[in-house]
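One structure is given below, encoded as structure tokens.
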Amino acid sequence: MKLYNTLTQKKETFVPIEAGKVRMYSCGPTVYNYFHIGNARPFIVFDVLRRFLEYTGYEVTFIQNFTDVDDKIINRSHEEGISPQAVSEKYIREYFVDADALGIKRASLHPKVSEHIPEIIQMIKTLEEKGLAYNIGGNVYYRVDHFRDYGKLSKQSIEDLKSGARIDINDEKQSPLDFALWKKKKEGEPYWESPWGQGRPGWHIECSAMSRKHLGETIDIHGGGQDLIFPHHENEIAQSEGSCGKPFANYWVHNGYININNEKMSKSKGNFFTVRDIAKTFDLEVVRMFLLMAHYRSPVNFSEPLLQQAQTALERLYTAKYQMLFLLEKAVAATASEDEIRWITALDKYKKSYIEAMEDDLNTADAISVIFELVRELNTFLDENSSKPAILAAQALFGELTTVLGLAVKEKETSLDADVEALIEQRQAARKAKDFKRSDEIRDQLLAMGIVLEDTREGVKWKKA
RNA sequence: GGUGCCAUAGCCAAGCGGUAAGGCAAAGGUCUGCAACACCUCUAUCCCCAGUUCGAUUCUGGGUGGCACCUCCA
């Protein structure tokens, strides 16, 4: 497949280091709060990338970390009067609640910073030995001037970065671009013993250390949001490549932002929505649909009306899925007709187009449009006279294509309360007697109970509103 | 100041050299007791101006408008 590589600013054909295997790392959340819709985008995007790579036959090792040592967690622990560890444990649990609802699969491993302190210390020691780090009274900084390739990811020269840098209050650094690898302990903060005294790791070193430990010195794909390009990923490169002299990641993949009214969502602007908040109004699968209907690199505007559009679109997928289920129950013909056999064979073109779209830099928008074309085909061709093999073939293809995107994966609820079933029967009786007033009353009554009725040629159907 | 990105119908959004996918909405129709679902029909001088080309939404140059990074943020 082709992937846009931030490093080269081009779409490139993906070639793994080891045939048939992919090692990828994606920056995970700092666990100090529920995550917001902006965080959700990379989680979903890299989940889909991982699923697609697996679908095409790769064995994927996918690492997504939890940052559980951080200023924001410490602040939060003071606010809530609980330990930093309790804060991070709580929000790791909450992460999985939201991630599950968004249809995000567990990574192969979710490593935590707090469990990788020895690896982090080791990496800093190596950097120090190589003259790429210096210790000032227990604070260790990266010496950016000594890393030749600094700026290669963000396309900035060290000079340009310096001229744009804000005046730093921290004057103990040799250069304003230098960044902390190890922070000296402050009162009331968690700390670990190290060769430089008690303290804790800086923000960037964790990803370098955990990636190396679990995936090796050079990995295939490193992902994250565009805002991580600088400084986070630039610094990761400096640390990883500076300490071992080998390329850190072959493909750097970055997703675009989520905007509110064309402005970046950010904590400082206060215009962000947590996924947990959205879950009050929408099934979070809608959020997944909404995000995947756009290409992962383009910026996306977020609003409730847009989510409603996505919801209606998603329902169309479910209608088709459940219709096939319905037809399969009714189907009597056990063998496909010649006509059907030809049709089943022709279905393959949808799969081809779909894969083509996904292989082109993970074009999920295009892939979804192929699914909608397939849905129209299914709705047109399949009916109560269709044979079981034809329906099964359609079902299998639909399921295959939607599952890679993690969409329309919910199974239909099959049981109804006895009183609901009784009402449906009463309404059928009323309809038969042409008592439409009564039958409409019952329909409204059921609607109020969250049950939508549809009278079809094949009989009455129901679904949850 | 340095570095990137974007501009396609009412809304969202693919396409990126051969006169425009898909979804939502609106309109008309088939089906239906009505409705819903589904299906059919309908909806675009691709921001502007030059240039390259037989041919440009797609490439180049110049505008205009918007966004982001260089500071914690996905």
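Computed from a predicted structure; not experimentally measured. Here is the naming used below: chain letters follow the sequence lines, and residue numbers restart at 1 for every chain.
- One finds a side-chain N or O of S298(A) lying less than 4.0 angstrom from the OP1 or OP2 phosphate oxygen of rA14(B).
- Taking the six-membered ring for Trp and thresholds of 30 and 60 degrees, H204(A) and H232(A) have ring planes inclined between 30 and 60 degrees apart.
- Listed candidates were rC24(B), rG22(B), rC12(B). Nearest to the side chain of S369(A) is rG22(B).
- For the P atom pair drawn from rU57(B) and rA50(B), the interatomic distance equals 13 Å after rounding to whole Å.
- Between K437(A) and rC34(B), a side-chain N or O to OP1/OP2 separation shorter than 4.0 Å is absent.
- With hydrogens and angles ignored, no donor-acceptor pair closer than 3.5 Å exists between the side chain of R376(A) and the base of rA38(B).
- I229(A) comes within 4.0 angstrom of no nucleic acid atom, judged by non-hydrogen atoms across all strands.
- Using a 4.0 Å heavy-atom criterion, one finds that K72(A) contacts the sugar-phosphate atoms exclusively.
- Taking side-chain N and O atoms only, N363(A) has no distance below 4.0 Å to OP1 or OP2 of rA14(B).
- With no hydrogens or angles considered, no side-chain donor-acceptor pair links Y32(A) and D68(A) at under 3.5 Å.
- Atom CG of N5(A) is separated from atom P of rC5(B) by 14 Å (rounded to the nearest Å).
- Here, rU19(B) and rU8(B) have their C1' atoms 14 Å apart, quoted to the whole Å.
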Would you check, one step at a time, whether the test side-chain hydrogen bond (donor to acceptor under 3.5 Å, both in side chains) holds for Y141(A) with E172(A)?
CA-CA 10 Å; Y141(A) 297 100; E172(A) 70 178 23; 2.7 Å; yes
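- Within 4.0 Å (heavy atoms only), Y257(A) reaches at least one base atom of the nucleic acid.
- Scored by the side-chain hydrogen bond (donor to acceptor under 3.5 Å, both in side chains) test, K2(A) finds no partners at all (sequence neighbours excluded).
- Using P as the reference atom, rA26(B) and rC11(B) are 15 Å apart when rounded to the nearest Å.
- For D71(A) and rC72(B), a side-chain-to-base donor-acceptor distance below 3.5 Å is absent, hydrogens and geometry of angles not being considered.
- Contact of D440(A) with rG33(B) (side chain to base): a donor-acceptor pair of N or O atoms is detected under 3.5 Å.
- Between D455(A) and L314(A), the one whose closest nucleotide on RNA chain B sits nearer the 5' end is L314(A).
- Following rounding to the nearest Å, D227(A) (CG) and rG4(B) (C1') show an atom-to-atom distance of 14 Å.
- The aromatic ring of F372(A) does not stack onto the base of rG22(B), failing the criterion of a centre distance under 5.5 Å from the six-membered base ring together with planes under 30° apart.
- Atom NE2 of H232(A) and atom P of rC72(B) are 12 Å apart (whole Å).
- Between F282(A) and F290(A), the ring centre distance reaches or exceeds 6.0 Å.
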Under 3.5 Å for both distances, Watson-Crick or G-U wobble, that's the pair rule; now give the dot-bracket for RNA chain B, with | marking pairs to another strand and [ ] for crossing ones.
(((((((..(((.....[...)))..((((.......)))).....(((((..]....))))))))))))....
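- Residue contacts shown for D366(A) include a base, since a base heavy atom lies under 4.0 Å away.
- Within the 4.5 Å cutoff, the side chain of F14(A) has heavy atoms near those of the V22(A) side chain.
- Counting only heavy atoms from C-beta outward, the side chains of N363(A) and M358(A) never approach each other to under 4.5 Å.
- Side-chain contact check for H233(A) and H254(A): at least one donor-acceptor pair (N or O, by modelled atom type) lies under 3.5 Å.
- Between H110(A) and F66(A), the ring planes lie parallel to each other; the angle is under 30°, not in the 30° to 60° tilted range.
- Rounded to whole angstrom, the span from the CD atom of Q64(A) across to the C1' atom of rA74(B) amounts to 11 Å.
- Among the heavy atoms of the strands lying under 4.0 Å from G38(A) is at least one base atom, whether or not backbone atoms are also near.
- The side chain of T312(A) approaches rA25(B) more closely than any other nucleotide in the set rA25(B), rC34(B), rA14(B).
- At whole-Å resolution of the value, CG in L292(A) and C1' in rC12(B) are 14 Å apart.
- Which of rA35(B), rG33(B), rG4(B) sits closest to the side chain of E454(A) comes down to rA35(B).
- Using the six-membered ring where Trp is involved, H116(A) and H214(A) have ring planes that are perpendicular, over 60° apart on the 30 and 60° scheme.
- Distance from the side chain of E373(A) is smallest to rA21(B) among rA74(B), rC69(B), rA21(B).
- Residue S157(A) is classed as having no contact, given no heavy-atom separation below 4.0 Å to the nucleic acid.
- Sorted by residue number, the list of members of residues 103-114 of chain A with any non-hydrogen atom under 4.0 Å from RNA chain B is empty.
- Residue-level contact check: H295(A) touches the backbone only, with heavy atoms under 4.0 Å from sugar-phosphate atoms and none from bases.
- The base of rC11(B) is paired with the side chain of Q309(A) by a donor and an acceptor separated by under 3.5 Å.
- Mapped onto RNA chain B by nearest heavy atom, R316(A) and K155(A) fall at different nucleotides, with K155(A) at the one closer to the 5' end.
- Summarising the geometry, the separation between CE on M293(A) and C1' on rA25(B) is reported as 13 Å, rounded to the nearest angstrom.
- If you check rC39(B), rC70(B), rU3(B) against the side chain of Q156(A), the one that comes closest is rU3(B).
- For the pair K264(A) NZ and rC72(B) P, the interatomic distance rounds to 11 Å; values are reported in whole Å.
- No engagement by R438(A) is indicated, since no non-hydrogen atom pair under 4.0 Å with the nucleic acid exists.
- Backbone-only contact: F230(A) has heavy atoms under 4.0 Å from sugar-phosphate atoms and none from a base.
- Q323(A) comes within 4.0 angstrom of nothing in the nucleic acid, heavy atoms only.
- When heavy atoms are screened at a 4.0 angstrom cut-off, I37(A) is found touching no nucleic acid atom at all.
- Note on D440(A) versus R431(A): no salt bridge recorded, every NZ/NE/NH1/NH2 to OD/OE distance being 4.0 Å or above.
- A donor and an acceptor atom, one from each side chain of S387(A) and E340(A), are located under 3.5 Å apart.
- Atom CG in L405(A) sits roughly 14 Å away from atom C1' in rG23(B) (whole-Å rounding).
- Distances were taken from every side-chain heavy atom of D360(A) (C-beta onward) to each of rG15(B), rC69(B), rA74(B); the shortest belongs to rG15(B).
- Close to rA74(B), at under 4.0 Å from its OP1 or OP2, lies a side-chain N or O of N39(A).
- For D178(A) and R143(A), the salt-bridge test fails: no basic side-chain N is under 4.0 Å from an acidic carboxylate O.
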